[in-house]
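To keep things clear, I will list the structure first and then write my remarks on it.
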Amino acid sequence: MSGKTLYDKIWDAHLVHEAEDGSSLLYIDRHLVHEVTSPQAFEGLRMSGRKVRAPEKTIAVPDHNVPTDEGRAKGIENEESRIQVEALDTNARAFGVHYYPVSDVRQGIVHIIGPEQGWTLPGMTIVCGDSHTATHGAFGALAHGIGTSEVEHVLATQTLIQSKSKNMKVEITGTLPPGVTAKDITLTIIGRTGTAGGTGYVIEYCGEAIRALSMEGRMTVCNMAIEGGARAGLIAPDETTFDYVKGRPHAPKGAQWEAAMAWWKTLYSDDDAHWDKVVTIDASEIAPVVTWGTSPEDVLPIDAVVPDPASFAGGKVSAAKRSLDYMGLTPGTKLSDIAIDTVFIGSCTNGRIEDLREVARIMEGRRVKEGIRAMIVPGSGLVRAQAEEEGIADQLKAAGFEWRMAGCSMCLGMNPDQLKPGERCASTSNRNFEGRQGRGGRTHLMSPAMAAAAAITGRLTDVRDLA
Amino acid sequence: MDKFDTLTGIAAPLPLVNVDTDMIIPKQFLKTIKRTGLGVNLFDEMRYDDDGNENPDFVLNQPGYREAEILVAGENFGCGSSREHAPWAIKDFGIRCVIAPSFADIFFNNCFKNGILPIALPQEQVDLLMKDAEKGQNARMTVDLEAQTVTTSDGEVIRFDIDPFRKHCLLNGLDDIALTLEKAPAIDAFEAQAAQARPWV
């Protein structure tokens with residue numbers, strides 16, 4: 001019999017019931033809730049007279065709709081957004097779950113504050129009505145997005161009906177070249193495997209280059225597992241993980257910390273574990289990358305040119321044509337010749353303190369180019385406060401960036417932070433779909449360092465050229 | 001949940017790969033606190049121009065397909081966000097079955113919670129159904145969940161696979177939560193055991 005993967009171990013530890021047809025009932029340790037995908041679920045509970053089974057394991061925060069201007073304390077202008085945020089407020093209080101309202105300094109993007117507050121711990125099962133729940137996999141937790149019906153199911157039963165996914169290993173060997181970051185790793189993987197390459201799998205990321213990443217970097221990698229189609233992404237916990245978790249408000253303490261550590265140290269894939277699919281990438285081959293199209297798999301190194309749709313196969317030929325038409329790009333154009341007018345730094349992919357430090361480092365002694373709108377939206381109120389304390393906020397404001405309040409913001413433009421038709425954005429977010437950042441808006445995904453480089457020159461730029 | 005047994009209706013062809021949930025229902029319609037009423041905004045940015053007028057080229061605006069109940073599409077349908085607003089919009093429009101070579105995981109799950117049947121078939125069979133769908137309103141397909149078949153307007157029968165538990169729930173319109181609550185003693189037992197094994201959780 002072969003050994004177990006990390007996914008197998010977490011799965012087994014949370015299995016409540018397994019039916020003969022393979023459908024299983026999995027216990028959920030943490031349920032994160034935001035305002036967009038929960039109102040119908042709470043309404044469902046009310047209509048059936050059910051309550052939240054484990055309010056102490058349920059954490060609610062508004063993030064998608066909240067404006068990011070400092071005047072937001074006075075209330076949300078957009079009526080529909082206000083109603084949705086108010087609904088979360090009412091539901092969180094009525095059902096007695098943990099709650100961080102807009103006015104709380106700890107408010108922020110749900111996937112930033114879970115780890116920040118120590119709600120996210122190794123070996124847990126974590127769900128949220130949001131596909132980027134994969135982020136929490138960076139701690140060696142099994143974390144994935146669910147729909148609103150499943151949100152209601154978890155609220156009512158603290159379990160989820162699941163069938164087990166297959167195991168996929170993505171190994172990044174060696175060390176990253178200078179100027180190459182976690183975002184380049186995760187985009188490069190999706191560029192190679194495609195947006196459906198992980199469908200049906202849980203991915204475990206491993207290898208020297210992954211081990212060398214900070215927790216912030218690991219969260220960036222796991223965050224985009226969903227963009228590769230996987231149910232979840234995982235990284236086995238190690239000293240980096242334990243150091244990050246220790247002392248967080250909801251992390252275990254004293255004897256419980258010791259007991260937790262004893263179990264957490266068993267959370268790795270056995271040497272003889274079975275993998276259904278293996279992808280290996282040499283870190284030294286990874287370059288700073290950007291996306292050119294409208295799918296996160298449309299990834300190329302910054303020194304490449306816009307591809308010819310005819311170079312693809314099958315349905316991708318017409319998809320690439322459509323993408324280039326939407327993006328207003330011509331095959332053969334150097335990516336580094338593409339001019340941008342907007343820079344967005346933030347999101348659950350890259351809205352953490354390390355991302356802001358990286359931007360500050362690149363901007364040292366430099367300014368945002370005249371005419372470029374560049375905004376920084378910290379992932380949480382605490383990230384914002386820390387950046388202010390470190391002097392990063394003042395430096396970046398002086399360099400020409402807008403300094404905003406925490407939220408999802410222009411990653412998906414549910415609040416007023418949107419692109420106008422035809423505007424082109426260098427974005428640290430996770431999706432470049434048509435209309436994602438605003439109807440007709442054009443998105444190029446990249447790392448915070450690359451977005452900073454684009455802010456300086458006004459075009460897509462190889463950050464290594466600025467050194 | 002609405003039952004799904006058999007469906008005979010017009011199939012609309014949407015020969016695009018990687019149709020994402022932002023295309024199916026853009027963000028500005030996620031601000032609702034209800035599950036209904038989203039059908040008018042299904043595929044909003046492809047279906048309407050900047051002034052809100054119908055784009056006559058889009059399939060669901062064409063006379064033959066306005067009453068479509070089946071959608072035939074390219075691979076990796078429903079990729080992107082977890083928004084259940086996507087299947088809500090599809091269902092509210094009147095579509096109860098989506099056929100594609102592959103689906104994104106969360107969207108696929110969400111369909112079953114809303115009485116929508118997603119059918120994954122090999123590319124060649126989807127191509128055949130796409131051609132059938134392109135014939136327009138006189139070409140009606142039949143989907144039979146019990147028999148696990150799709151029958152083209154020419155009478156060609158194609159079999160599909162489906163998870164037995166999901167088939168059972170869809171055929172009977174079963175509510176997942178009620179089914180799971182029948183297992184409450186097992187959940188109680190698990191919680192008691194987990195409180196011992198992992199008290200820090």
Side-chain angles (χ1 to χ4, degrees), chain A residues 16-17 19 21 23 25 27 29 36-37 39-40 43 48 50 65 80-81 83-84 87 121 123-124 129-131 145-150 152-153 156-159 161 163 195-196 199-200 229 231 252 256-257 259-260 263 295 314-316 318-319 322 412-414 421 431 433-436 439, chain B residues 1 15-18 20-23 26-28 30-35 44-46 50 74-76 79-85 87-88 102-107 109-110 113-114 123 163-166 168 175-181 183-184 186-187 189-191 194 197-201:
Chain A
V16 173
H17 181 266
D21 60 20
S23 77
L25 203 57
Y27 193 80
D29 292 327
V36 179
T37 55
Q40 295 87 349
E43 187 197 45
S48 50
R50 290 169 180 146
N65 274 282
E80 288 174 302
S81 290
I83 289 170
Q84 213 167 45
L121 298 172
M124 282 184 161
D130 191 284
S131 57
I146 55 177
T148 297
S149 295
E150 290 178 319
E152 186 179 341
H153 190 279
T157 70
Q158 204 57 29
T159 65
I161 300 170
S163 49
T195 50
T199 303
R231 176 163 296 173
Q256 292 221 345
W257 173 264
W263 187 55
S295 166
K316 189 71 187 170
S318 57
R322 184 185 168 91
L412 83 167
M414 273 193 79
R431 290 196 175 125
F433 297 154
E434 289 179 22
R436 171 79 178 179
R439 186 174 177 128
Chain B
M1 189 181 76
L16 286 176
V17 298
N18 296 331
D20 59 67
T21 52
D22 279 81
M23 272 185 199
K27 60 189 154 275
Q28 59 269 36
L30 309 187
K31 295 183 182 182
T32 176
I33 55 171
K34 293 186 267 177
R35 294 175 201 243
D44 194 84
E45 293 188 2
M46 293 197 272
D50 292 347
E75 64 187 27
N76 199 28
C79 61
S81 99
S82 63
R83 60 188 70 165
E84 201 160 315
H85 308 69
W88 293 339
S102 59
F103 292 87
D105 189 40
I106 303 177
F107 175 83
N109 275 332
N110 284 342
K113 312 289 181 192
N114 292 283
Q123 184 72 52
D163 172 272
F165 175 71
R166 286 174 154 152
H168 174 71
D175 168 11
D176 277 352
I177 297 177
L179 283 178
T180 297
L181 287 174
K183 301 196 182 82
I187 302 173
F190 179 91
E191 274 183 343
R198 296 189 297 278
W200 62 86
V201 171

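Each chain gets a letter, A, B and so on, in the order the sequences are listed, and its residues count up from 1. These figures come from a predicted structure and were not determined experimentally.
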*Portion of S295(A) that has a non-hydrogen atom of chain B nearer than 4.5 angstrom*: side chain
*Is it the backbone or the side chain of R231(A) that comes under 4.5 Å from a heavy atom of chain B, or both, or neither?*
both
*Which portion of K183(B) sits near chain A, non-hydrogen atoms under 4.5 angstrom*: side chain
*Could you look at D176(B) and say if it's the side chain, the backbone, both or neither that has a heavy atom under 4.5 Å from chain A?*
both
*Heavy-atom proximity to chain A below 4.5 Å, by part of P199(B)*: both
*K31(B): what forms a salt bridge (charged side-chain N to carboxylate O under 4.0 Å, His left out) with it, not counting sequence neighbours?*
none
_I'd like to verify something: which residue of R322(A), Q256(A), Q158(A) has the highest number of heavy-atom pairs under 4.5 Å with chain B?_
Q256(A)
*Contact part of T157(A) toward chain B, heavy-atom cut-off under 4.5 Å: side chain, backbone, both or neither?*
both
*asked:* Can you list everything that forms a salt bridge (charged side-chain N to carboxylate O under 4.0 Å, His left out) with E45(B)? Sequence neighbours excluded, please.
replied: none
*With a 4.5 angstrom heavy-atom cut-off, could you sort out which part of M414(A) is near chain B: side chain, backbone, both or neither?*
both
*asked:* What part of E191(B) gets within 4.5 angstrom of chain A, counting heavy atoms only: side chain, backbone, both, or neither?
replied: side chain
*Is chain B contacted by the side chain of I146(A), its backbone, both, or neither, given a heavy-atom distance below 4.5 Å?*
backbone
*Heavy-atom proximity to chain B below 4.5 Å, by part of T199(A)*: side chain
*asked:* Given heavy-atom pairs under 4.5 angstrom as the criterion, report whether the side chain, backbone, both or neither of M46(B) touches chain A.
replied: side chain
*Would you mind checking which part of R35(B) comes under 4.5 Å of any heavy atom in chain A, side chain (CB onward), backbone (N, CA, C, O), both or neither?*
both
*Relative to chain B, which segment of H153(A) carries a heavy atom at a distance below 4.5 Å: side chain, backbone, both, or neither?*
both
